[in-house]
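The next block holds one structure in the form of structure tokens; read it before the comments.
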Amino acid sequence: QVPLVESGGGSVEAGGSMRLSCEASGVTFRDYCMAWFRQVAGKERGAVATISATGAYDYYDESVKGRFSISRDNPKNTLYLQMTSLKPEDTAMYYCAAGKTTPGRTCGLTYTYASWGRGTQVTVSS
């Protein structure tokens, strides 16, 4: 298990921007695929964006392509999600996730992520 702590959530008006951060501790961060998921009450958690261990590959759910950008800073053990042109339907609890990987894996949306943060709430008002 990887200890993960998200931050940066809050409330914003539609069209606004927000950046989420996720800090990992106690592990070699570059050994992990990383991802952001989100969940609305009563619905299943779904992958928003994923990024490979070196940051060379990233993947996005169709609903956020062109608006969200995932990135990582391995020396700082930190994952980011830059969100722009936010919509009310982006309102959800956002979770950071980590999955052990091996060199060369691309870490797609269906990769297995075994460690989870507690989440940070993002609310977009119309």
### Message
Who clusters with Tyr80? Use side-chain heavy atoms, under 4.5 angstrom, across I, L, V, M, F, W and Y, and order the result by chain and number.
### Response
none

### Message
Centroid separation under 6.0 Å, is that true for the rings of Trp116 and Phe37?
### Response
yes

#### Entry: Donor-acceptor contact present, side-chain Glu6 to main-chain Gly119, <3.5 Å
yes

### Query
Between Asp90 and Val64, is there a donor-acceptor pair closer than 3.5 Å when you use the side chain of the first and the backbone of the second?
no

#### Entry: Flag side-chain contact, heavy atom, 4.5 Å: Tyr111 against Thr50
no

### Query
Would a 4.5 Å heavy-atom cut-off, applied to side chains only, mark Ser69 and Tyr60 as touching?
yes

### Query
Looking only at atom types and distance, does a side-chain atom of Arg38 sit under 3.5 Å from a main-chain N or O of Ala92, one as donor and one as acceptor?
no

### Task
Determine, step by step, whether Glu89 and Val40 satisfy the side-chain contact (heavy atoms from CB on, under 4.5 Å) criterion, reporting the C-alpha distance in whole Å, the side-chain angles of both residues, the deciding distance to 0.1 Å, and the verdict.
CA-CA 10 Å; Glu89 50 264 43; Val40 176; over 6 Å; no

## Note on the structure
Residues passing the side-chain hydrogen bond (donor to acceptor under 3.5 Å, both in side chains) test with Asn77, sequence neighbours excluded, are none

### Query
Can you list the steps and then say if Cys22 with Tyr94 is a side-chain contact (heavy atoms from CB on, under 4.5 Å)?
CA-CA 10 Å; Cys22 170; Tyr94 283 71; over 6 Å; no

### Query
Is a side-chain N or O of Thr91 found less than 3.5 angstrom from the main chain of Val124, in a donor-acceptor match?
yes

### Summary
Between Tyr113 and Ala97, the two heavy atoms sitting closest are CB-CB, 3.7 Å

Check: residues 9-18 side-chain donor-acceptor pairs under 3.5 Å, at least two apart:
none

### Task
Calculate, to the nearest 0.5 Å, the distance between atoms CG and CZ belonging to Asn74 and Arg72 respectively.
4.5 Å

### Query
Has the side chain of Thr106 got a donor or acceptor atom that lies under 3.5 Å from a matching backbone atom of Tyr57?
no

### Summary
d(Ser52 OG, Arg30 CZ) to nearest 0.5 Å is 14.0 Å

### Validation row: Phe29, Val2 side chains within 4.5 angstrom (heavy atoms)
no

### Message
Rounded to the nearest 0.5 Å, what separates atom OG in Ser71 from atom CG in Asp58?
### Response
9.0 Å

### Query
How long is the gap from SG on Cys96 to CD on Glu23, to the nearest 0.5 Å?
10.5 Å

### Query
Taking Thr78 for the side chain and Lys76 for the main chain, is one N or O donor matched with an acceptor at less than 3.5 Å?
yes

### Query
Got a second to check how far Met93's CE is from Arg118's CZ, nearest 0.5 Å?
11.5 Å

### Task
Kindly compute the distance separating SG (Cys107) from CD1 (Ile51), expressed to the nearest 0.5 Å.
9.0 Å

### Message
Are Met83 and Leu20 packed together at the side-chain level, in the sense that at least one heavy-atom pair is separated by less than 4.5 angstrom?
### Response
yes

### Query
Looking at Ala53 and Thr101, what are the two nearest heavy atoms and their distance?
CB-CG2, 3.9 Å

### Task
Tell me, please, whether Tyr32 has Lys100 positioned over its six-membered ring: NZ or CZ under 6.0 Å from the ring centre and within 45 degrees of its axis?
yes

### Task
Given side-chain contact (heavy atoms from CB on, under 4.5 Å), test Trp36 with Leu79 step by step and report yes or no.
CA-CA 9 Å; Trp36 288 98; Leu79 175 74; 3.3 Å; yes

### Message
In the structure I gave you, are the side-chain heavy atoms of Phe68 and Leu81 within less than 4.5 Å of one another anywhere?
### Response
yes

